[in-house]
Amino acid sequence: MRVAIAGAGLAGLSCAKYLSDMGHTPIVLERRDVLGGKVAAWKDADGDWYETGLHIFFGAYPNMLQLFGELGIEDRLQWKEHTMIFNQPEAPGTYSRFDFPDLPAPLNGVMAILRNNDMLTWPEKIQFGIGLIPAMVQGQKYVEEMDKYSFSEWLKLKNIPPRVEKEVFIAMSKALNFINPDEISATILLTALNRFLQEKNGSKMAFLDGSPTERLCQPIVDYITDRGGEVRLNAPIKEFLLNEDGAVRGFEVRGIEGKSDEVLTADIYVSAMPVDPLKVMLPQPWREMEYFQQLNGLEGVPVINVHLWFDCKLTDIDHLLFSRSPLLSVYADMSNTCREYANPDRSMLELVLAPAKDWISKTDEEIVTATLKELENLFPDRFCGNKPAKLLKYHVVKTPRSVYKATPGRQNYRPSQITPIPNFYLTGDYTMQRYLASMEGAVLSGKLTAQAIASRQSQN
Ligand SMILES: Cc1cc2nc3c(=O)[nH]c(=O)nc-3n(C[C@H](O)[C@H](O)[C@H](O)COP(=O)(O)OP(=O)(O)OC[C@H]3O[C@@H](n4cnc5c(N)ncnc54)[C@H](O)[C@@H]3O)c2cc1C
């Protein structure tokens, strides 16, 4: 079958990869001139990369790790020490760590929590541990039921002291969905905690050794094209054209740079677009259908990725850091963490600014000024002395609508990959799969869509 796929993010590429494995011919059409969607990256005039987001791969990403294996590129994942490192706002420039010992799960996670005495007191740890028991015993069923609560509400329900939220979970919540615990669904944090506690290496983190566009997306494209498929950049879908029966007749592709529009026909059509542009493009007859109406319950959350290049080294920490700053979420010195960005003499910080709703319309200069101010707390030695580190250059990448905002109740709005239209499917991190809106979720959704297409085909 010829399968036309709109969008070359990880979900669209994964769907195309698994369709190629089944002997089908995918044609992926990407609106922009760059692969990867939310993992897209660009090289500036100096040859330095900047990215849509600081991206971390977890041990609890089985489908992503399998994909790396199938592409033969496992060596591109740079695994870090099994620990989580948090800045301590009350003692600027210092860190508190959750070190996971080499023990089976959940013992290694329990030990990591028990051995950290900077952030939580013993009564707080015990109260939190008791609160987590239903999630660990009843598993995903319980976790899904908790989608009716925000994480703050869930903590209150379990009589967990507010300090636990302040010390640990504001940072975790911002890292997972770019919003605070009073907004995020309890399901999101409980899903992550369950994975981290139940799988020995679930919370172990890896950085890619270069830009996701070149080091991850391009090998998927090569895999697809080697097997007869196609991936076209600068090919925005303008409209889904319908037959009289409401099924898809073709994708109308907008002609750019003076070229005329083109109609691409295929046996099967897939949207791998994010939910926000998909909602706008739905043909009128589909808008009446309950299945498509549920998409109105999902909306992307804003986030900003800031890159700062300095004239000196700020830190030698080779890991992700949770800033615990009101302005920022996680950050890393990419000159330590990523082989292709390595520099022994100069730091390049990549920092995620979240929640970003009040910042998304500000200028890059305003954003960088506020970020530099925060660095006085994160690196007081380097920014408060007589000879502060000098900023050489910066890039700011704003994503006004990134992953869907995972507020309480959103699970009910996440659609299945199978639509009521017989020759049209959805894929993307927002579609229903067990790994939240993440790279793992995107790759898994692509695989599920490919499987759904194959199984419907075998029934016909
Ligand atoms: C700042 C930031 C940090 C993140 N950090 C992490 C992390 O550490 N770990 C993690 O697992 N995940 C992280 N994520 C989430 C992860 O990037 C996404 O969940 C994942 O990449 C989404 O993939 P997707 O294919 O579903 O969607 P997308 O990547 O959005 O792909 C959709 C594609 O469709 C294209 N498209 C849109 N309209 C059209 C059209 N009309 N015609 C053709 N193509 C179209 C878009 O251009 C895009 O390429 C982060 C995201 C951001 C923004």
Side-chain angles (χ1 to χ4, degrees), residues 4-16 27-41 50-58 60-61 63-64 174-178 192 195 205-208 212-213 216-217 220 231-240 251-254 256 264 269-282 298 300-307 320 328-332 350-354 356 396-404 406 414 417 426-431 433 435-446 449:
I5 301 173
L10 286 174
L13 292 175
S14 149
C15 182
I27 302 118
V28 183
L29 304 155
E30 166 56 43
R31 178 173 68 90
R32 300 196 294 177
D33 61 0
V34 59
L35 293 169
K38 289 193 246 307
V39 302
Y50 59 102
E51 310 180 330
T52 310
L54 170 58
H55 276 89
I56 302 297
F57 298 76
F58 286 95
Y61 277 7
N63 295 284
M64 179 61 99
K174 293 200 326 174
L176 285 168
N177 198 237
F178 318 127
R195 290 276 106 72
M205 299 180 214
F207 284 67
L208 195 59
T213 305
L216 172 57
C217 298
I220 313 178
V231 179
R232 294 192 208 159
L233 298 178
N234 295 311
I237 310 298
K238 185 174 151 190
E239 198 180 336
F240 303 148
F251 275 170
E252 182 161 11
V253 186
R254 190 186 301 280
I256 60 163
L264 186 116
Y269 300 85
V270 176
S271 164
M273 295 158 50
V275 69
D276 298 287
L278 172 65
K279 282 191 291 191
V280 178
M281 204 179 286
L282 287 176
L298 301 175
V301 62
V303 68
I304 301 172
N305 207 43
V306 182
H307 310 69
L320 183 77
L328 303 170
S329 172
V330 287
Y331 68 103
E350 201 168 320
L351 311 106
V352 180
L353 192 157
V396 175
V397 182
K398 295 179 185 173
T399 307
R401 287 168 188 261
S402 70
V403 296
Y404 78 90
R414 296 177 71 186
Q417 288 76 26
L426 297 184
T427 197
D429 61 359
Y430 70 92
T431 62
Q433 39 75 25
Y435 283 95
L436 316 172
S438 62
M439 294 187 288
E440 169 69 7
V443 167
L444 173 57
S445 74
T449 307

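As the structure lists them, so they are numbered: ligands from 1, and atoms in each ligand from 1.
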Distance from [X] atom [atom1] to [Y] atom [atom2], nearest 0.5 Å?
X: Lys38; Y: Met439; atom1: NZ; atom2: CE; result: 13.0 Å
X: Leu13; Y: Ile5; atom1: CG; atom2: CD1; result: 8.5 Å
X: Phe240; Y: Leu278; atom1: CZ; atom2: CG; result: 5.5 Å

Exercise for the section: Give a yes/no verdict on whether any heavy atom in Tyr61 is under 4.0 Å from an atom of ligand 1. Expected result: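 Contact check Tyr61 vs ligand 1: positive.
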Practice task
Check whether any heavy atom of Ser14 sits under 4.0 Å from an atom of ligand 1.
Solution key: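 It does not; every heavy atom stays at 4.0 Å or beyond.
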Determine whether a donor-acceptor pair (N or O, by modelled atom type, separation under 3.5 Å) exists between the side chain of [X] and the backbone of [Y].
X: Glu30; Y: Asp33; value: no
X: Ser402; Y: Val301; value: yes
X: Arg232; Y: Leu29; value: no
X: Arg414; Y: Thr431; value: yes

Report the part of [X] (side chain from C-beta onward, or backbone N, CA, C, O) that has a heavy atom under 4.0 Å from ligand 1; answer both or neither where that applies.
X: Ala272; result: backbone
X: Ala437; result: backbone
X: Val403; result: side chain
X: Phe178; result: side chain
X: Tyr430; result: neither
X: Asn305; result: neither
X: Leu35; result: neither
X: Met281; result: side chain
X: Leu29; result: backbone

Looking at [X], which atoms of ligand 1 are within less than 4.0 Å of one of its heavy atoms?
X: Leu54; answer: 3 (C), 4 (C), 5 (N), 8 (O)
X: Ala11; answer: 25 (O), 26 (O)
X: Asp429; answer: 18 (C), 19 (O), 20 (C), 22 (C), 26 (O)
X: Val39; answer: 17 (O), 21 (O)
X: Gly428; answer: 26 (O)
X: Pro236; answer: 42 (N)
X: Gly37; answer: 29 (O), 31 (O), 48 (C), 49 (O)
X: Gly53; answer: 1 (C), 2 (C), 3 (C)

Among [options], whose heavy atom sits nearest [atom]?
atom: atom 39 (C) of ligand 1; options: Lys398, Met273, Glu51; value: Met273
atom: atom 31 (O) of ligand 1; options: Gly7, Ala8, Gly36, Gly9; value: Gly9
atom: atom 17 (O) of ligand 1; options: Met439, His55, Arg32; value: His55

Could you tell me whether [X] and ligand 1 have an N or O pair separated by under 3.5 Å?
X: Ile237; result: yes
X: Ser438; result: yes
X: Glu30; result: yes
X: Thr52; result: no
X: Leu10; result: yes

Minimum-distance pair of heavy atoms, taken over all atoms of [X] and [Y]:
X: Arg32; Y: Gly37; value: NH2-O, 3.1 Å
X: Thr213; Y: Leu35; value: OG1-O, 3.7 Å
X: Phe251; Y: Val270; value: CZ-O, 3.7 Å
X: Ala272; Y: Gly12; value: CB-CA, 3.4 Å
X: Lys398; Y: Ile304; value: CG-CG1, 4.2 Å
X: Ala332; Y: Leu54; value: N-CD2, 3.9 Å

Practice task
Determine, stepwise, if the pair Leu328 / Lys174 fulfils side chain to side chain contact (heavy atoms under 4.5 Å, CB included).
Solution key: CA-CA 9 Å; Leu328 303 170; Lys174 293 200 326 174; 5.7 Å; no
Write out the residue and atom name of the closest protein heavy atom to [atom], then the distance separating them to 0.1 Å.
atom: atom 27 (O) of ligand 1; result: Lys38 NZ, 4.1 Å
atom: atom 9 (N) of ligand 1; result: Ile56 O, 3.1 Å
atom: atom 53 (C) of ligand 1; result: Val303 CG1, 3.7 Å
atom: atom 44 (N) of ligand 1; result: Arg31 N, 3.2 Å

Problem - Any residue meeting side chain to side chain donor-acceptor pair (under 3.5 Å) with Ser445, in chain and number order, not counting sequence neighbours - result: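 Result, side chain to side chain donor-acceptor pair (under 3.5 Å) vs Ser445: Thr427.
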Exercise for the section: With sequence neighbours excluded, tell me which residues meet side chain to side chain donor-acceptor pair (under 3.5 Å) with Glu440. Expected result: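 If we apply the side chain to side chain donor-acceptor pair (under 3.5 Å) test to Glu440, skipping adjacent residues, the hits are Asn63.
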Practice task
Answer yes if the ring centres of Phe57 and Phe207 are under 6.0 angstrom apart, and no otherwise.
Solution key: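 No.
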Exercise for the section: Applying side chain to side chain contact (heavy atoms under 4.5 Å, CB included), run through Leu216 and Met64 and close with a yes or a no. Expected result: CA-CA 10 Å; Leu216 172 57; Met64 179 61 99; 4.2 Å; yes
